[in-house]
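Heavy atoms only: backbone and side chains are in, while hydrogens, waters and symmetry mates are out. This structure is a prediction, so every number in the text was calculated from the model and none was measured.
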Amino acid sequence: ARVALTDASSFSATADGETVYFASLAWDWRRPGMGEAVSDLYRLTVRTGKITRVTRGAHLWQPAVSEDGLRLAAVQADGPYSSLVSVDPESGRTTELYARQGTNVFTPSFSPGGLSLVFTLNERGFQDICLLPLTGPEAGKTRLLTGPDRNGEYYPAFLDEGRVIFSSDRTGSQCLYTVD
């Protein structure tokens, strides 16, 4: 499908490649005479090429879908900052997963079993990688996997259920690292 993404990280596919979620800008004309550019989520069914709008006026980008397609998360605008939300793939309803005053989140990614999310957390220019378990006794308790430090860490993803890969410029050039 030919679509304009909200940003380069605003798409995610199920493991079988059959469903792709993406964020794209649309105009919201609900207030008479005042249009607003809003980033919303869409679902592409690859086999048919059908695109379905999942959210309306939700200010979402950088979606992450679990491998099985049952869970969907995204970054949501929260004033000048952002938070991490789960999104019901059918109704488009959002539920807050992580928000902290004065911070931004970026590039969430599900673990292979969909049991956890990792994401980049930016607080006052410091970027670290966070883990958010979604099930079990630690569910909802976010913890830092890196930092807090002056190193910039970006684009986390799970290698398997226990290891996360991410990029960092901690040595002066961009390299890949793993953390258990």
* To do: Step through it carefully: locate the ring centre of Y98, locate the ring centre of F119, and say whether they are under 6.0 Å apart.
  => yes

* Asked: Passes side chain to side chain donor-acceptor pair (under 3.5 Å), S111 versus E161? Steps please.
  -> CA-CA 6 Å; S111 65; E161 223 34 79; 2.8 Å; yes

* Asked: Between the side chains of S9 and T107, is a donor N or O closer than 3.5 angstrom to an acceptor N or O?
  -> no

* Return the minimal non-hydrogen interatomic distance between S109 and A157, and the atom names on each side. => OG-CA, 3.8 Å

Could you tabulate the donor-acceptor pairs under 3.5 Å formed by side-chain atoms of residues 172-180, not counting sequence neighbours?
| from | atom 1 | to | atom 2 | distance (Å) |
| --- | --- | --- | --- | --- |
| Q174 | OE1 | S168 | N | 3.4 |
| Q174 | OE1 | D169 | N | 3.2 |

* Are L41 and F22 grouped together when hydrophobic residues (ILVMFWY) are joined by side-chain heavy atoms under 4.5 angstrom apart? -> no

* In Å, rounded to the nearest 0.5 Å, how long is the span from OH of Y81 to CD of Q101? -> 6.5 Å

Throw together a table of side-chain donor-acceptor distances under 3.5 angstrom for residues 125-144, partners on residues two or more places apart or in other chains.
| from | atom 1 | to | atom 2 | distance (Å) |
| --- | --- | --- | --- | --- |
| Q127 | OE1 | N122 | ND2 | 3.0 |
| Q127 | NE2 | E153 | O | 3.3 |

* Hey, any chance V85 and Y21 share a hydrophobic cluster, counting ILVMFWY side chains that come within less than 4.5 Å of each other, even indirectly? -> yes

* **Heavy-atom closest contact (F158 atom, P112 atom, distance)** => CB-CD, 3.8 Å

* **Cluster check L117, L72: I/L/V/M/F/W/Y, side chain < 4.5 angstrom** => no

* Crowded around F11 CZ? As in, over 12 foreign heavy atoms under 6.0 Å? -> no

* Roughly how far apart are T52 OG1 and K50 NZ, rounded to 0.5 Å? -> 4.5 Å

* **S10 side chain reached by Q62 side chain, heavy atoms, under 4.5 Å** => yes

* Asked: Minimum heavy-atom separation for L70 to D68, with atom names?
  -> N-OD1, 2.9 Å

* **Working for side chain to side chain donor-acceptor pair (under 3.5 Å), residues S83 and D78** => CA-CA 6 Å; S83 59; D78 186 9; 4.6 Å; no

* What distance separates S82 OG from R100 CZ, expressed to the nearest 0.5 Å? -> 12.0 Å

* Structure fact -> Between A64 and F110 the two heavy atoms that sit nearest each other are O-CE1, 3.2 Å

* Rounded to the nearest 0.5 Å, what separation is found between the OG1 atom of T48 and the CD atom of E18? -> 9.5 Å

* Please report the closest heavy-atom contact between G57 and D40, naming both atoms and the distance. => N-OD2, 2.8 Å

* **Side-chain heavy-atom pair N104, F106 within 4.5 angstrom cut-off** => yes

* Structure fact -> Heavy atoms of T146 and D149 approach each other most closely as C-OD2, 4.5 Å

* Would you mind reporting whether T19 and V46 have side-chain heavy atoms less than 4.5 Å apart? => no

* **Validation row: E96, T94 side chains within 4.5 angstrom (heavy atoms)** => no

* Answer yes or no: is there a donor N or O on one side and an acceptor on the other, between the side chain of T95 and the main chain of S86, under 3.5 Å? => no

